[in-house]
**Q** 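This structure is in structure tokens; I'll ask about it shortly.
On a predicted model such as this, the values are computed, not experimentally measured, just so you know.
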Amino acid sequence: MVKELKKNPGFKAYIILNNDGIVIKWDQIDTPMPYETAVQHSHLVLDLCSKSKKYVRELFDPPDNEVENIRLRTDDYELIAAQHGHFTLIVVQEDLLAKAKKEAMKEDEE
């Protein structure tokens, strides 16, 4: 599964962790991700996942009140977190749309 993820355009990094926050496996393309960075990402994403699940359950009625994955987009990258069973997969990828817009803006300036 991870090998196929790495083939996707824009893929930057992944982290696999259990739901206790213990990082099991992590990797980053080009430069290695330090373990401390993987632990920091895992802590923040698990906290976000638990709060998201809590508030979505309060806001919506079943069956529309389940959070399966979270997708965050910033100016530089996109982070996708998916929980399944006792494990969480975090994938960081380049935001290809934002990258294309930045390149178009640079070309327009020239």
**Q** In a table with atom names and distances, give each donor-acceptor pair under 3.5 Å that connects a side chain of residues 13-24 to protein atoms at least two apart or in another chain.
**A**
{"unit_1": "Asn18", "atom_1": "OD1", "unit_2": "Asp20", "atom_2": "N", "d": "3.0"}
{"unit_1": "Asn18", "atom_1": "OD1", "unit_2": "Gly21", "atom_2": "N", "d": "3.3"}
{"unit_1": "Asn18", "atom_1": "OD1", "unit_2": "Ile22", "atom_2": "N", "d": "3.0"}
{"unit_1": "Asn19", "atom_1": "OD1", "unit_2": "Thr88", "atom_2": "OG1", "d": "2.8"}
{"unit_1": "Asn19", "atom_1": "ND2", "unit_2": "Gly85", "atom_2": "O", "d": "3.0"}

**Q** Return each pair, listed once, that meets salt bridge (Lys or Arg N to Asp or Glu O under 4.0 Å) where at least one residue sits in residues 73-91; pairs must be two or more places apart or across chains.
**A** Arg71-Glu78, Arg73-Glu78, Arg73-Asp95, Asp76-Lys102
**Q** Kindly state each residue pair satisfying ring-ring contact (aromatic ring centres under 6.0 Å, His included) with at least one member in residues 61-93, sequence neighbours excluded.
**A**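 Passing the test, one end in residues 61-93: no pairs.
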**Q** Say whether Tyr35 and Val92 are linked into one hydrophobic cluster, either directly or through other cluster members, by side-chain heavy-atom distances under 4.5 angstrom.
**A**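 Yes; Val92 is reachable from Tyr35 via cluster members.
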**Q** Among residues at least two apart in sequence or on other chains, which ones pass side-chain hydrogen bond (donor to acceptor under 3.5 Å, both in side chains) with Gln28?
**A** Thr31
**Q** According to the side chain to side chain donor-acceptor pair (under 3.5 Å) rule, which pairs have a member within residues 57-70, sequence neighbours left out?
**A**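 Not a single pair qualifies under side chain to side chain donor-acceptor pair (under 3.5 Å).
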**Q** Please list, chain by chain and in numerical order, all residues satisfying side-chain contact (heavy atoms from CB on, under 4.5 Å) with Pro34, sequence neighbours excluded.
**A**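 Per chain and number, Pro34 pairs via side-chain contact (heavy atoms from CB on, under 4.5 Å) with Glu36, Thr37.
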**Q** Do Leu79 and Met33 share a hydrophobic cluster, counting only Ile, Leu, Val, Met, Phe, Trp and Tyr and linking them when any side-chain heavy atoms are less than 4.5 Å apart?
**A**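 They do share one cluster, since a chain of ILVMFWY contacts under 4.5 Å joins Leu79 to Met33.
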**Q** Are Val67 and Ile80 grouped together when hydrophobic residues (ILVMFWY) are joined by side-chain heavy atoms under 4.5 angstrom apart?
**A**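 Result: no, two separate clusters.
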**Q** Kindly list each side-chain donor-acceptor pair under 3.5 angstrom involving residues 45-55, sequence neighbours excluded, with atom names and distances?
**A**
{"unit_1": "Ser50", "atom_1": "OG", "unit_2": "Leu46", "atom_2": "O", "d": "3.4"}
{"unit_1": "Ser50", "atom_1": "OG", "unit_2": "Asp47", "atom_2": "O", "d": "3.0"}
{"unit_1": "Ser52", "atom_1": "OG", "unit_2": "Leu48", "atom_2": "O", "d": "2.8"}
{"unit_1": "Lys53", "atom_1": "NZ", "unit_2": "Gln83", "atom_2": "OE1", "d": "2.8"}

**Q** Are Ile29 and Trp26 connected in the hydrophobic side-chain network, where two residues link if heavy atoms are under 4.5 Å apart?
**A** no
**Q** Who are the side-chain hydrogen bond (donor to acceptor under 3.5 Å, both in side chains) partners of Lys25, not counting sequence neighbours?
**A**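 Once residues adjacent in sequence are excluded, Lys25 has no partner under the side-chain hydrogen bond (donor to acceptor under 3.5 Å, both in side chains) criterion.
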**Q** For Thr74, enumerate each residue passing the side-chain hydrogen bond (donor to acceptor under 3.5 Å, both in side chains) test, keeping only those at least two apart in sequence or located in another chain.
**A** none
**Q** Going hydrophobic residue to hydrophobic residue with side-chain gaps under 4.5 angstrom, can you get from Val91 over to Val39?
**A**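 Each belongs to a different hydrophobic cluster.
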